[in-house]
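What follows is a set of notes on a single structure, which appears directly below.
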Amino acid sequence: MPEQLDLNLLRVFDALLQDGSVTAASERLHLSIPATSRALGRLRRAMGDPILVRAGRGMAPTPFALRTAPRVRSLLDEAAALISADRSVTIAELKRTFTIRINDGIAATLATVAVDATAAAAPGVTLRFVAEGSESIEALRDGSIDLDIGASDAASPDIRTAVLYRERIVGIVRSDSPLGRRRRPTLAQLCQHPHVSASRRGRTRGPLDDALEAAGLRRHVAAVVPTPAVAAFLVASSHYVGLVPQRLAEQYGKTLGIRWFPIPADLPEVDVRLLWHARLDADPAQRWLRDTLRTALSGSYRVTP
């Protein structure tokens with residue numbers, strides 16, 4: 001008869017996949033090494049898979065284990081939320097890792113604020129930032145990420161969302177550029193210089209091009225890079241014009257030797273949002289994290305006219 005799975009075995013599975021080691025998993029779970037080894041044996045029989053296999057001096061998860069890990073993490077989160085929904089959490093004693101998906105351009109400006117805000121109240125909390133691989137909401141559903149921070153707005157009844165702040169797009173140039181000495185360059189002046197476009201999808205055209213076209217103008221996009229942060233580095237070492245979020249330009253302009261200026265066109269502003277799955281609404285630790293991030297990130301930004 002197949003071995004029966006229980007919640008304790010799933011906790012062992014989760015620890016083994018996070019640590020890749022029976023010894024490390026035993027320390028995380030406060031179990032003896034023999035007890036953890038026996039639990040691994042039970043997992044292997046119950047799941048019909050080795051789970052972890054030898055790889056040099058360490059152990060590596062099997063493809064089945066990698067596919068199953070997010071679902072197990074989701075089940076454990078739901079169980080924790082069910083048990084603790086009506087209980088308070090001692091934030092100062094909280095020991096937990098939260099995985100946050102965030103794009104490079106936003107991470108460059110928000111990561112420090114987020115880490116400082118959470119560490120001040122909960123030094124045992126780890127924020128694990130992962131880059132966008134896709135914008136799929138399945139990662140929120142299966143528990144492989146806890147939160148998603150970005151410009152997307154998932155239209156799904158099981159996904160919750162809150163606006164962190166509204167971002168304005170501004171122009172940037174190197175400080176010694178002729179445009180850098182102008183407070184508000186005109187659209188015609190912008191078109192006299194080559195541009196770098198920041199687009200994860202590799203697009204050369206954006207809202208600015210629509211405004212230029214309406215004015216009978218056209219710019220030359222000389223380079224396309226995946227994120228605004230990369231665009232800022234490229235502009236800092238070239239004569240290109242770039243478009244980046246104002247927060248990025250304000251925070252790193254002096255360090256990189258770049259100047260920013262408003263674009264003389266009605267470009268759409270971007271709502272940077274926080275997304276999470278509905279099953280974590282009642283989880284007190286996650287609720288605390290969401291509130292902390294909303295307070296810290298919205299309060300740390302001011303729009304300069």
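Keep in mind the model is a prediction, meaning the values are calculated, not measured.
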Verify the cluster assignment for I169 and L164: are they in a single hydrophobic cluster under the rule of side-chain heavy atoms below 4.5 Å apart? no
Sidechain-backbone polar pair: R166 side chain, V163 backbone, donor-acceptor under 3.5 Å: no
Give a yes or no on whether the backbone of V115 and the side-chain of T118 come within a donor-acceptor separation of less than 3.5 Å. yes
Test side chain to side chain contact (heavy atoms under 4.5 Å, CB included) on L280 and L147; report intermediate values, then the result. CA-CA 10 Å; L280 292 174; L147 295 170; over 6 Å; no
Report, one line per pair, each donor and acceptor closer than 3.5 Å where one atom sits in a side chain of residues 186-195; sequence neighbours left out.
residue : atom : partner : partner atom : Å
T186    : OG1  : Q189    : N            : 3.1
T186    : OG1  : Q189    : OE1          : 3.4
Q189    : OE1  : T186    : N            : 2.9
H195    : ND1  : R219    : NH1          : 3.3
H195    : NE2  : L190    : O            : 2.9

Do V125 and F98 have side chains that get closer than 4.5 Å, going by heavy atoms? yes
Do F233 and V196 make a side-chain contact, defined as non-hydrogen atoms from C-beta onward lying under 4.5 Å apart? no
Locate the shortest heavy-atom distance separating F13 from A69; write the atom from each residue and the value. CE2-CA, 3.7 Å
Salt-bridge test for D283 and R96: reply yes if a basic N is under 4.0 Å from a carboxylate O, no otherwise. yes
Taking everything shown except R71 itself, do over 12 heavy atoms lie less than 6.0 Å from its CZ? no
Mark yes when over 12 heavy atoms from residues, nucleotides or ligands other than D176 sit less than 6.0 Å from its CG; otherwise mark no. yes
Between L267 and V221, is there shared hydrophobic-cluster membership here, with clusters defined by ILVMFWY side-chain heavy atoms closer than 4.5 Å? no
Let me see the working for D148 and R273 under salt bridge (charged side-chain N to carboxylate O under 4.0 Å, His left out), right down to the final yes or no. CA-CA 8 Å; D148 192 357; R273 296 176 176 272; over 6 Å; no
Check against side chain to side chain contact (heavy atoms under 4.5 Å, CB included), L179 and V241: CA-CA 9 Å; L179 281 179; V241 176; 3.6 Å; yes
Is there a donor in the side chain of Q251 and an acceptor in the side chain of R247, or the other way round, less than 3.5 Å apart? no
Nearest-0.5 Å distance, CG of residue L16 to CG of residue L43: 7.0 Å
same_hphob_cluster(V53, M47) at 4.5 Å side-chain heavy-atom cutoff: no
Expected output: side-chain D49 to main-chain I51 donor-acceptor under 3.5 Å: yes
Atom of P123, atom of A92 and distance for their closest heavy-atom approach: CD-O, 4.0 Å
Is there a side chain to side chain contact (heavy atoms under 4.5 Å, CB included) between R259 and K254? Walk through the geometry before answering. CA-CA 8 Å; R259 293 180 181 270; K254 184 177 293 186; over 6 Å; no
I need the minimum non-hydrogen distance between A122 and W288, along with the two atoms involved. CB-CH2, 3.6 Å
Checking the side chain of T90 only, and the main-chain atoms of E93 only, is there a donor and an acceptor separated by less than 3.5 Å? no
Can you tell whether the side chains of D291 and R294 come within less than 4.0 Å, N to carboxylate O? yes
Checking the side chain of D146 only, and the main-chain atoms of T99 only, is there a donor and an acceptor separated by less than 3.5 Å? yes
A side-chain contact here means heavy atoms from C-beta on lying under 4.5 Å apart; do V22 and L40 qualify? yes
Before you tell me yes or no, could you show the steps for Q246 and E167 under side chain to side chain contact (heavy atoms under 4.5 Å, CB included), namely the whole-Å CA-CA distance, both residues' side-chain angles and the distance that decides it to 0.1 Å? CA-CA 7 Å; Q246 181 176 334; E167 183 68 275; 3.6 Å; yes
Donor-acceptor pair, distance only, cut-off 3.5 Å: does the side chain of Y252 make one with the backbone of A108? yes
Looking only at heavy atoms, which two atoms of L17 and P61 are closest? And how far apart? CD1-CB, 3.5 Å
Looking at R28 and A15, what are the two nearest heavy atoms and their distance? CD-CB, 3.7 Å
Is there a side-chain contact between W276 and D281 (heavy atoms, below 4.5 Å)? yes
Side chain of R160, backbone of H277: donor and acceptor closer than 3.5 Å? no
What I'd like to find out is whether the side chain of I172 reaches to under 4.5 Å of the side chain of L243, using heavy atoms alone. no
Do R168 and P245 have side-chain heavy atoms sitting under 4.5 Å apart? no
Test item: L248 and I106 side chains (from C-beta on) under 4.5 Å apart, heavy atoms: no
Is there a donor-acceptor pair under 3.5 Å between the side chain of S26 and the backbone N or O of T23? yes
Compare every heavy atom of A39 with every heavy atom of V12, then report the nearest pair and how far apart it is. CG1-CB, 3.8 Å
Is the shortest heavy-atom distance from the side chain of L52 to the side chain of T62 under 4.5 Å? no
